[in-house]
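Data block below; observations after.
One-based numbering, in listed order, for ligands and for the atoms of each.
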Amino acid sequence: MKFFVDTADTAAIAELNDLGMVDGVTTNPSIIMKSGRDIREVTKEICDMIDGPVSAETVALDAEGMIAEGRELAKIADNITIKVPLTWDGLKACRVLSGEGRMVNVTLCFSANQALLAAKAGATFISPFIGRLDDINLDGMDLIADIRQIYDNYGFETQILAASIRSVNHMTEAAKIGADVATAPPDVIRKMAQHVLTDKGLEGFLKDWAKTGQKIL
Ligand code: G3P
């Protein structure tokens, strides 16, 4: 499973990238707002830092506007992925932009039918939002599993990009189901390294080591 980082925090991206944990980056208007930075400036900085796709989202509601904004965002760097919402106009924009050979991430997906349409429209990535489905008492992971099955049934090449990931369990489940990509906040990726038995084991080893009076360096 590829790891994308769902942030515009360049320091966090750099730290994870040095560890080989970053296959791509996703942003959205809320993430850009939180960064407090200019979308072109911060997106360009991220694109220069990593080799993989960097999603930048359009904000127009009509297809024409999304296409124009998408072409503009694509000028930032070669690894820009244009993010459009899963609306009828978003699907039209996806069709046109992907037809031009651009990477397109169709976002705000909450049903298997929406994902089916995005694949037909030529999306590079489909972004089902797990956490937001969990928020309304549905199981976001069921959606990932349904899309996996449908895409596999017909050999669609659109990559499932599990999004709105809030916990380490989401990461495990997405990987078990076979999501192609998971995009997560940096903290969730860091927490994947934590285990109480690792901490306990380390404490025990260090206590015993101190008793030996030895040094390695
Ligand atoms: O990847 C989509 C993400 O940015 C939305 O996450 O936590 O706001 O639902 P969240």
Side-chain angles (χ1 to χ4, degrees), residues 1-13 16-17 21-37 39 42-43 45-47 49-50 52-59 66 69-70 73 79-87 90-91 93-94 103-112 114-115 118-119 123-148 151 158-175 177-192:
M1 186 169 71
K2 284 180 260 185
F3 281 15
F4 286 6
V5 194
D6 200 28
T7 188
D9 177 342
T10 50
I13 295 168
L16 291 169
N17 195 33
M21 302 293 173
V22 182
D23 300 303
V25 170
T26 49
T27 67
N28 61 36
S30 304
I31 286 173
I32 297 296
M33 185 270 294
K34 274 182 216 147
S35 78
R37 296 183 59 186
I39 185 171
V42 70
T43 308
E45 193 177 325
I46 296 168
C47 286
M49 287 166 65
I50 67 154
V54 176
S55 289
E57 190 159 343
T58 59
V59 291
M66 288 179 210
E69 288 178 356
L73 290 169
N79 50 341
I80 284 285
T81 298
I82 302 160
K83 215 170 175 189
V84 297
L86 212 157
T87 59
L91 293 170
C94 174
M103 290 187 286
V104 181
N105 176 357
V106 181
T107 188
L108 289 166
C109 170
F110 294 96
S111 78
Q114 288 182 317
T124 317
F125 300 102
I126 181 70
S127 289
F129 275 32
I130 298 167
R132 293 193 192 185
L133 283 167
D134 290 354
D135 286 344
I136 60 163
N137 228 8
L138 296 171
D139 188 344
M141 277 308 155
D142 285 349
L143 176 58
I144 304 293
D146 286 349
I147 300 172
R148 181 73 284 154
Y151 281 9
T158 299
Q159 296 181 51
I160 302 173
L161 199 174
S164 183
I165 282 191
R166 310 261 180 82
S167 69
V168 291
N169 287 345
H170 279 158
M171 293 295 278
T172 314
E173 290 305 311
I177 291 167
D180 301 286
V181 190
T183 189
D187 265 2
V188 171
I189 297 175
R190 285 192 207 103
K191 278 185 189 148
M192 291 169 75

Problem set entry | Per-atom contacts of ligand 1 with R132, taking only distances under 4.0 Å to non-hydrogen atoms | 5 (C), 8 (O), 9 (O), 10 (P)
For this session: With heavy atoms under 4.0 Å as the rule, classify the contact between T107 and ligand 1 as side chain, backbone, both or neither.
Result: neither
Seminar exercise, completed: Taken in chain and number order and not counting sequence neighbours, the residues that satisfy side-chain contact (heavy atoms from CB on, under 4.5 Å) with Q114 are L86, C109, F110, S111
Problem set entry | From I177 atom CD1 to D146 atom CG, the distance as rounded to the nearest 0.5 Å | 9.0 Å
Seminar exercise, completed: Atoms of ligand 1 under 4.0 Å from any heavy atom of F129, numbered from 1 in the order shown, are 2 (C), 5 (C)
Problem set entry | Heteroatom distance test (N28, ligand 1): nitrogen or oxygen, under 3.5 angstrom | yes
Exercise. Which atoms of ligand 1 sit under 4.0 Å from any heavy atom of R166?
Worked result: 7 (O), 9 (O), 10 (P)
For this session: Could you list the residues that satisfy side-chain contact (heavy atoms from CB on, under 4.5 Å) with D142, not counting sequence neighbours?
Result: D139
Exercise. Are R190 and D187 close enough, and set up right, to give a salt bridge (charged side-chain N to carboxylate O under 4.0 Å, His left out), and what steps lead you there?
Worked result: CA-CA 5 Å; R190 285 192 207 103; D187 265 2; 2.6 Å; yes
Problem set entry | From CA spacing to verdict: side-chain contact (heavy atoms from CB on, under 4.5 Å), T10, R37 | CA-CA 11 Å; T10 50; R37 296 183 59 186; 3.9 Å; yes
Exercise. Is the backbone N or O of R132 less than 3.5 Å from a side-chain atom of S164, with the two atoms forming a donor-acceptor pair by type?
Worked result: yes
For this session: For T183 and ligand 1, answer yes if some heavy atom of the residue is under 4.0 Å from a ligand atom, otherwise no.
Result: yes
Seminar exercise, completed: When distances are taken from atom 4 (O) of ligand 1, the protein heavy atom at minimum range is D6 OD2, 2.6 Å
Problem set entry | N105 and T81: side chain donor to acceptor below 3.5 Å | no
Exercise. Can you find an N or O of K83 that's nearer than 3.5 Å to an N or O of ligand 1?
Worked result: no
For this session: Give the residue, atom name and distance (to 0.1 Å) of the protein heavy atom nearest atom 6 (O) of ligand 1.
Result: S164 CA, 3.5 Å
